[in-house]
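Worksheet: the structure to be examined is printed underneath.
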Amino acid sequence: ELMAENNGTLSVTQIANNLESSVSSINRFLITLSDIGYIDKNYSDNRYYLTNKFHILSNKLLNQNKLLEKYVPLANYISNKYSAVVNINSYIGDSVFHLYKDSKVFFSKELDFKLGDTVPAYCCSAGKIMLSEYTEKELEKYFLNNSLIKYQPNTLSTENEIREEIKNVKAHGFSTHIDEYILGLFSISFPLKSINRQRGCITIIVPTSEKSRIFNREFISSIKKRISQ
């Protein structure tokens, strides 16, 4: 993870300092990772970088991802029919991460999420789905370990506000985002059936000014029905 954040710029000493380890220990790890092809060394400056083997590995994982296999056709259908950006997201730790995007339209450069990008859970519709599935113990831990930043005027930034929102998500079976993390955008997320213990959701995004196109009883009922099939 450290090397991915600083790829191509880290020396043995820098890695050791960041990981609070000894240079000799880090050297042993680097030799092992180099032998199996995951890192390489730039001998002009003696710094290490990750190789393309990680891209090959992640591509293999995506090609075998059962959540994507089942729900990408649904994302394609929604994107085409409703002229919306459609994301499939999953979860890691207390964050939502981006798995797939289908976009026939362009609303905002801030929507240009890449594979693996993460977003704080409490201020996006996908994250609210995740939090609605937490146990009370998990929720308490979440609020203890995460700062609640008010990114926009509409951002829910107190525990009470977020807990109330979670109740609404559980009651209605979907969650929404209205100018909370990114201004000018409305999104609605629906939980997907867990596959191979991988949980996720599908998120449909339109400009806030056009939210009535997807924030209506007919649309919500249709998407829920297709997910359940």
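None of the values given here were measured: they were computed from a predicted structure. Below, each value reflects all heavy atoms present in this structure, side chains not excepted, and no hydrogens, waters or symmetry copies.
Residues F97 and Y91 keep their aromatic ring centres 6.0 Å or farther apart. Between F143 and Y122, the ring centre distance reaches or exceeds 6.0 Å.
Remark: E138 does not engage K141 in a salt bridge, criterion side-chain N to carboxylate O under 4.0 Å. Ion pairing between E180 and K128 holds under the 4.0 Å rule for side-chain N and carboxylate O. Between E210 and R213 there is a salt bridge, with a side-chain nitrogen of the basic residue lying less than 4.0 Å from a carboxylate oxygen of the acidic one.
Judged by distance alone, the side chain of N216 and the main-chain N or O of F219 form a donor-acceptor pair under 3.5 Å. A donor-acceptor contact shorter than 3.5 Å is absent between the side chain of S79 and the backbone of N76.
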Practice prompt. Before giving the answer on side chain to side chain contact (heavy atoms under 4.5 Å, CB included), spell out for E69 and Q64 the whole-Å C-alpha distance, their side-chain angles and the decisive distance to 0.1 Å.
Written response: CA-CA 8 Å; E69 185 178 303; Q64 298 174 43; over 6 Å; no
Practice prompt. Evaluate the side chain to side chain contact (heavy atoms under 4.5 Å, CB included) criterion for residues L99 and L62: first the C-alpha distance (whole Å), next the side-chain angles of each, then the deciding distance (0.1 Å), finally the verdict.
Written response: CA-CA 8 Å; L99 269 178; L62 284 175; 4.0 Å; yes
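Distance check: E133 CD to R199 CZ gives 5.0 Å after rounding to the nearest 0.5 Å. Atoms CG and CG, from N17 and L10 in turn, are 10.5 Å apart once rounded to the nearest 0.5 Å. Distance CD1/I204 to OG1/T176: 12.0 Å, rounded to 0.5 Å. Distance check: S187 OG to N87 CG gives 9.0 Å after rounding to the nearest 0.5 Å. Annotation: the span from L2 atom CG to N18 atom CG amounts to 4.5 Å, rounded to 0.5 Å. With rounding to the nearest 0.5 angstrom, the OG atom of S175 is 8.5 Å from the CZ atom of F190.
Using a 3.5 Å distance cut-off with no hydrogens or angles, the side chains of E161 and T158 do pair a donor with an acceptor. D179 and T208 form a side-chain donor-acceptor contact under 3.5 Å, judged by distance and modelled atom types alone. Using modelled atom types, one finds a donor on one side chain and an acceptor on the other under 3.5 Å when comparing S24 with S22. At a cut-off of 3.5 Å, with distance as the only test, a side-chain donor of Q198 or N65 sits close to an acceptor on the other residue. No side-chain N or O of Y38 forms a donor-acceptor pair with one of N52 less than 3.5 Å apart. Side-chain atoms of D40 and S34 form no donor-acceptor pair, as typed in the model, at a separation below 3.5 Å.
Nearest approach of V85 to S103, heavy atoms of both residues: CG2-OG, 3.5 Å. The minimum heavy-atom distance linking T51 with G37 is given by the pair OG1-O, 2.6 Å. The two residues I182 and L185 come nearest to each other via the heavy atoms CG2-CD1, 3.4 Å. Nearest heavy-atom pair across C123 and Y181 is O-CB, 3.4 Å. When all heavy atoms of M130 and A121 are compared, the closest pair comes out as CE-CB, 3.4 Å. Residues L131 and L139 approach most closely at O-CD2, 4.1 Å, considering heavy atoms.
By the 4.5 Å heavy-atom criterion applied to side chains, I88 and L192 are counted as neighbours. A 4.5 Å side-chain heavy-atom check between F174 and S189 finds every atom pair outside the cut-off. Residues L30 and Y48 form a side-chain contact, since some pair of their non-hydrogen atoms from C-beta on lies under 4.5 Å apart. Residues E159 and R163 meet the side-chain proximity criterion, which asks for heavy atoms closer than 4.5 Å. No side-chain heavy atom of V86 sits less than 4.5 Å from a side-chain heavy atom of I205. A heavy-atom distance below 4.5 Å is not found between the side chains of Y100 and Y71. The shortest distance between side-chain heavy atoms of C124 and V96 falls below 4.5 Å.
Within a 6.0 Å sphere centred on NZ of K150, other residues, nucleotides and ligands contribute more than 12 heavy atoms. No more than 12 heavy-atom neighbours from other residues, nucleotides or ligands sit within 6.0 angstrom of CD on E218.
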What side-chain donor-acceptor pairs closer than 3.5 Å can you find for residues 222-229, not counting sequence neighbours?
residue	atom	partner	partner atom	Å
K224	NZ	H172	O	2.5
R226	NH2	Y77	OH	3.2
S228	OG	K224	O	3.4
S228	OG	K225	O	2.7

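Aromatic ring orientation, F215 versus F186: tilted (interplanar angle from 30° to 60°). The aromatic rings of Y134 and Y142 sit perpendicular, their planes meeting at an angle over 60°, well past the 30° parallel limit.
Under the 4.5 Å side-chain contact rule for hydrophobic residues, Y49 and I39 do not share a cluster. When hydrophobic clusters are built by joining Ile, Leu, Val, Met, Phe, Trp and Tyr residues whose side-chain heavy atoms come closer than 4.5 Å, directly or via intermediates, L144 is not grouped with I149. Cluster membership check: I36 shares its hydrophobic cluster with M3, using side-chain heavy-atom separations under 4.5 Å among Ile, Leu, Val, Met, Phe, Trp and Tyr. Using a 4.5 Å cut-off between side-chain heavy atoms of Ile, Leu, Val, Met, Phe, Trp and Tyr, with links allowed through other members, I202 and I195 fall into the same hydrophobic cluster. Connection of F29 to L19 is established within a shared hydrophobic cluster, with ILVMFWY side chains joined at heavy-atom distances below 4.5 Å, either directly or through further cluster members.
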